[in-house]
Every structure is written in structure tokens, then in C-alpha cells.
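Only heavy atoms go into these numbers, but all of them, side chains included; no hydrogens, no water, no symmetry mates. Order of listing sets the numbers, starting from 1, for every ligand and every atom in it.
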Amino acid sequence: MCAHRLSRNPHYPSVIVSESDGLRIAQIEYAIPQSFGIDTLNTFDANLHRAISKTYDFAAAIKTISDVKESAAHHRGGQPARNQPNDDPKLFHGKALTYYGRWTYKYEQAARKGAVGAILIHKTDMASYGWEVVRNSNSGEKSYLKLDGTPKLKAAAWIQLDVAGNLVKAAGLDLDKMMSDARSRDFKPVPLGVRLTAHITSKIRPFESNNVIAMLPGTDSKLKEEGVMYTAHYDHLGIRPDMPGDNIYNGAMDNGTGCGILLELARAYAQSAARPRRSIYFASVTAEEQGLLGSEYLGKHPPIPANKIQLDLNYDDVKPLGSPEEVQVAGAERTSFYPVVQSLATEFRFTIRPDARPEAGHFYRSDHFSMARVGIPAFSINEGMKFKHHDEAWGLAQDADYTKNHYHQPSDEYHPGMDYTSDAAMARFGFALGWEAANQSSQVTWKKGDEFEKARLGSQ
Ligand SMILES: [Zn+2]
């Protein structure tokens with residue numbers, strides 16, 4: 001569960017550097033206080049102007065986003081989309097958050113539609129995380145992949161709900177009403193008649209980071225051209241020098257656990273007397289916390305063609321909580337591989353726990369998603385909430401405590417009480433899944449009608 005593809009700053013630079021083989025990432029350094037984030041918009045009163053230079057038209061941005069929604073909806077079958085999927089099961093996946101509801105998609109699509117900038121209104125229940133997460137994930141440097149021709153916004157930001165409310169009020173309108181109106185397919189963009197001036201000085205420094213990939217060749221003369229891939233991100237949030245006290249983001253669980261599992265899987269495969277028919281790829285990917293950048297690059301530049309990759313199994317943040325009795329494999333049910341997942345889960349005595357909060361859109365928040373986008377059947381493997389000697393409430397409490405007190409915080413660090421039985425169990429389970437996928441004769445596909453089916457077929 002590696003959540004936050006929150007871009008670090010409301011300003012997207014127009015120039016991004018570097019090129020060629022290896023993964024290249026340009027990183028942006030801002031010559032402004034680290035805490036700028038969007039909190040500065042709290043001072044929007046002072047920054048409201050009728051129209052001066054270096055402004056962009058907020059109303060125009062809103063309008064474009066609205067057009068975007070319509071376009072996305074047509075793409076999905078002619079129904080107008082909501083800013084956030086509501087519980088109408090006929091629209092998108094009902095309450096489940098699809099990629100179309102993710103903030104990344106909104107920025108991407110606004111840019112494709114020619115918007116100069118966009119401001120998203122942060123609402124905790126819609127985002128499934130609080131403002132703190134937006135702010136923490138968006139202060140300091142922000143990394144971007146070198147521009148690949150994809151349209152980018154010149155400015156992108158979040159705004160707090162009450163600040164947005166005041167802004168809309170200044171225009172003589174009511175935000176609550178507008179948000180509720182926006183749920184109707186008859187909703188039309190409303191000019192706000194206000195302009196927001198924001199000026200950000202930014203500095204760009206190019207740097208390079210690497211995905212590290214190992215390959216174990218398959219034994220079948222033909223099938224060895226194909227592969228099964230394991231992924232786990234090795235980056236975290238680094239050090240925040242301006243923060244007093246412990247300012248090292250260790251990322252022990254997110255994703256030291258996944259890194260350990262990946263290495264152990266590689267060891268187990270390499271030392272196994274038997275070898276799988278297809279080749280196995282172990283990809284330790286970078287810059288996940290910066291927006292799935294390493295895996296995005298990997299998906300766009302796979303070591304073998306994407307259609308030759310049977311399956312991607314991803315590990316991210318497997319908490320060391322003891323002996324798991326459940327497994328989470330959200331997304332697996334969308335693939336032809338699911339019967340194998342089910343039977344192996346039974347063999348391992350795991351109950352498959354359905355995604356408890358589909359509205360949080362976890363499927364779109366870790367590296368397997370980068371693989372799915374290019375058509376590769378992909379999902380993450382993680383434990384559920386029920387552990388041996390504990391009831392489910394205990395597991396849920398651990399999870400809630402982690403999210404609130406440790407997730408993306410310096411306190412995500414090693415302590416002796418950690419019980420890695422769960423990590424070992426998830427590794428063994430993933431080994432079995434990968435082994436089956438590497439040896440079965442048939443190709444793994446997305447189920448008919450799935451949102452990634454088209455990409456899979458297109459890559460063949
Ligand atoms: Zn993570």
C-alpha cells in the first residue's frame with residue numbers, strides 16, 4: 001500500500017532534462033520554503049487579482065476539467081463521469097475508485113485537453129487520506145521522468161476544502177451546491193470570475209536513478225523468451241534536513257519488506273534444483289514514492305516486449321505482523337490467472353480478503369499498476385487483516401495505527417518486535433504463484449472487458 005503519488009509542488013516545470021538508456025529522472029528543486037506546498041493558498045485573499053501578468057484563468061481550468069470528465073465518460077461508454085465515482089454501479093465501478101478518479105488522471109487529462117493549470121479541491125473522504133498526506137508528500141524536491149511528449153500542466157495544485165469554499169464564496173457561489181450539482185450529468189462549467197496569481201521560482205537539477213533488474217533464464221527453448229516478473233520499489237522519502245528530531249525516512253515497512261522479499265525470491269529461484277520454463281525477472285524499481293516513476297519507465301521500456309510478460313507480482317509494504325491467515329491480491333480476480341490464485345490460496349490456507357476499501361483505489365497506487373497500464377496482468381501480494389492468535393479487530397487496529405502514526409513518517413523504522421513470519425509467508429505464496437505462471441502452457445490475460453484488456457491486445 002504505497003499510496004501517495006502526490007506531486008510535490010503545484011508547479012510543473014516546463015523543462016525536464018536527460019535521456020537515453022538507464023532510467024533518467026529530472027528532479028526539481030524549489031527556491032522557496034519547503035513548506036510552500038499548497039498551504040500558501042491559505043493566503044489566497046492577498047493573491048486574488050482581477051487580471052495581471054503571470055496569472056492563469058482558474059475558471060478556464062475548471063471548465064477544462066469539466067470537459068475532461070465528459071470525455072473520460074464517453075471513453076467509458078457514453079455516460080458522463082463524476083468528479084469522483086459515486087455509488088452508481090453502472091458508472092465506472094460504482095464506489096470503487098478507478099484510475100479515472102485518481103488525481104493523476106485528472107491532471108493528465110486536463111493537460112491533454114490543453115488546460116494551463118488545474119487545482120484539485122482536497123476532500124478527505126474523496127481522497128481517502130487527510131491534508132497532512134497531501135502536504136507531506138508535496139513539500140521538498142519532486143522528481144519527474146524526462147518529458148516524453150506527454151502534455152503536462154504548467155501549474156497543478158491542491159486546495160483545502162474550506163479555502164476553496166471561501167474562494168467560491170468570493171465569486172458569489174456556493175461550493176457545496178456546486179459539488180453536489182457536479183454529480184449530475186447535466187452539470188455545466190461555471191465561470192468563477194476570479195483569478196488566482198501564484199508565482200513559484202523553481203530550480204531544476206537533472207539526476208539519474210536506476211531500476212535494477214535480474215533475470216533467471218527459463219528452460220523451455222521457446223517459452224524462455226517469455227517471462228514472469230516480480231517487482232518491489234526500493235526508494236522511500238529520504239531525509240528532510242529542515243525537520244527537527246529524527247528526520248530520516250527509513251521506510252522499513254514501506255518498502256524494506258518488499259525489497260527483502262524480492263531478494264529472497266531471487267535466491268530461492270536461483271538455488272532451486274528445478275527451473276521454470278519461462279524466464280523470471282526480478283525488478284527492484286526506483287522512484288515509486290515520486291509517482292511510480294521507476295516502474296512507469298520499466299513499463300514503457302520493458303526488458304522483453306510487454307506481451308511476453310505473463311504476469312507481474314508486486315510487493316509493497318508487507319507489515320511484519322506474524323502469521324497471516326488472509327491474503328490480499330486485489331486485481332487478480334480481473335485476470336485469467338485467478339483460478340490458480342484461488343487454488344494456491346486454499347493450499348496455503350489463506351482466505352482471500354476482498355479489497356475492503358475499493359474507494360481508496362489501492363490498485364492504482366503501487367508499481368503493478370505501471371505494468372497493468374501497458375497490458376501486463378499484474379497485482380500486488382499482501383497479507384490481510386486476520387493473523388494467528390489475534391482477531392480481525394487486532395489486524396484492523398494495527399493497520400489503522402500504521403496509517404495514522406507511521407506511514408510515510410520517520411517512525412516507519414525497524415524495531416525488535418517485528419515478526420517477519422508474514423513476510424516469509426507472502427514470499428512463499430508469491431513464489432508459488434510465479435512458479436505456476438512461469439510453467440503453465442496458456443498465456444495469462446486480463447478478463448474480457450477489463451480496462452487493461454485493450455492494452456494487452458494492443459501489445460500483441
Ligand atoms: Zn511503498
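Checked against the Zn ion (ligand 1), the N, O or S atom of Asp254 at the shortest distance is OD1. The Zn ion (ligand 1) sits nearest to atom OD1 when only the N, O or S atoms of Asp316 are considered.
The environment of Arg428 atom CZ is sparse: at most 12 non-hydrogen atoms of other residues, nucleotides or ligands sit within 6.0 angstrom.
Taking a cutoff of 4.0 Å between a charged side-chain nitrogen and a carboxylate oxygen, Glu108 and Lys152 do not qualify as a salt bridge.
Taking Thr124 as the reference, His122 meet the side-chain contact (heavy atoms from CB on, under 4.5 Å) condition, with sequence neighbours excluded. When the side chain to side chain donor-acceptor pair (under 3.5 Å) test is applied to Arg112, the partners found at least two apart in sequence or on another chain are Gln109.
Within the 2.8 Å limit, His236 places no N, O or S atom next to the Zn ion (ligand 1).
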